[in-house]
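Atoms within each ligand, like the ligands themselves, are counted from 1 in listed order. Because only heavy atoms are used, hydrogens play no part in the values below, and waters and symmetry mates are left out as well, while side chains stay in.
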Amino acid sequence: MVTGFKPRAVVLLSGGMDSCVCAALATRDFATAAVHISYGQRTERRERKSFFEVCDRLDIHQRLAIRNEALRTMGGSALTDEKIAVPESHGIGHDIPVTYVPFRNAHFLSVAVSWAEVLGAERIYIGAVEQDSSGYPDCRPAYYEAFNSVIRAGTKEGNIEIVTPLIGLRKHEIVRLGLELGAPFDLTWSCYSREDRACGVCDSCVLRLRAFEQAGARDPISYAESALRS
Ligand SMILES: [Zn+2]
């Protein structure tokens, strides 16, 4: 009898808190490989560093860190275009903000599906969050349902499935889940605009700070300033 066998999964790991929790979940249940995609975003070096450190801590040995040149070349987002400033957080959830990177997650998912086919993995984990998020259209459940149809129709075996375990959770619930799983939040990077210290005032920092506060937990990373405390 084979004991300890785990089926394989691929996790998309940006290095942020949601994908870190997602990776901790994946490694609990699957032999996990992690993929990271730099796309010319402002904080790409810092996020890539987090990717490798989180992989180390979670014992993920199979790693793929690659570059997507298309998104940066096109621009059109505050994350990839120096001419568009990253806004300080205000009114999260009203409009699709300028930090939206056009159809970004489809690029990421396509890479993950290709790699899953190569590895024989049947699950792809992505830490998309719908609630308490910035309102990006590629974080909606319907989008992932549709993408799964594409995978069934367009892969050799048709047996790979994207799973989005965090999509219906509130952000503070994700913090609690991560703490239960021992997710290495201290190694993660969420800030959109700085690489030395998290700014504390962009949408991503504000959502993260608020999540830890609501979870009654301390965020282990340090911030330049905090919009919540001012
Ligand atoms: Zn920030």
Side-chain angles (χ1 to χ4, degrees), residues 12-23 36-54 65 68 71-72 75-102 104-105 108 126-139 166 169-179 183-230:
L12 279 157
L13 180 54
S14 67
M17 62 166 269
D18 302 328
S19 69
C20 175
V21 173
C22 216
H36 176 83
I37 300 159
S38 297
Y39 54 97
Q41 76 275 33
R42 289 167 188 265
T43 54
E44 68 171 11
R45 280 181 307 260
R46 187 62 188 78
E47 289 180 33
R48 201 166 182 273
K49 179 172 182 281
S50 284
F51 166 73
F52 285 112
E53 290 177 352
V54 169
N68 172 313
L71 295 169
R72 170 82 181 194
S77 164
L79 299 194
T80 55
D81 192 333
E82 294 295 336
K83 294 191 290 295
I84 306 172
V86 175
E88 292 198 359
S89 183
H90 49 272
I92 289 166
H94 295 295
D95 298 305
I96 296 170
V98 292
T99 50
Y100 170 65
V101 180
R104 183 194 69 179
N105 286 356
F108 292 2
I126 182 166
V129 179
E130 187 183 33
Q131 297 199 48
D132 287 347
S133 71
S134 296
Y136 300 143
D138 53 358
C139 288
L166 311 183
L169 297 186
R170 305 293 305 267
K171 202 89 170 168
H172 67 273
E173 295 172 321
I174 297 169
V175 170
R176 287 209 195 104
L177 176 61
L179 292 172
F185 285 128
D186 57 309
L187 302 176
T188 61
W189 196 258
S190 303
C191 184
Y192 281 154
S193 66
R194 285 176 61 158
E195 295 192 295
D196 54 345
R197 249 176 118 194
C199 77
V201 293
C202 72
D203 269 6
S204 189
C205 281
V206 168
L207 285 166
R208 177 179 172 134
L209 281 163
R210 191 183 295 161
F212 274 87
E213 188 176 79
Q214 288 176 353
R218 192 185 65 82
D219 189 342
I221 70 163
S222 72
Y223 289 85
E225 59 179 303
S226 169
L228 291 189
R229 288 180 209 112
S230 60

> Do you know which two heavy atoms are closest between L169 and V129, and how far apart they sit?
Replying inline: O-CG1, 3.8 Å

> Around the Zn ion (ligand 1), what protein N, O or S atoms are found below 2.8 Å?
Replying inline: C191 SG, C199 SG, C202 SG, C205 SG

> Between R176 and A217, is there a donor-acceptor pair closer than 3.5 Å when you use the side chain of the first and the backbone of the second?
Replying inline: no

>> Can you list everything that forms a side chain to side chain donor-acceptor pair (under 3.5 Å) with R104? Sequence neighbours excluded, please.
In response: Y39

> Are the side chains of R197 and S222 in touch, meaning some heavy atoms are under 4.5 Å apart?
Replying inline: yes

> Looking just at side-chain N and O atoms, do S50 and R46 make a donor-acceptor pair shorter than 3.5 Å?
Replying inline: yes

> Is there a donor-acceptor contact under 3.5 Å from the side chain of S204 to the main chain of Y192?
Replying inline: no

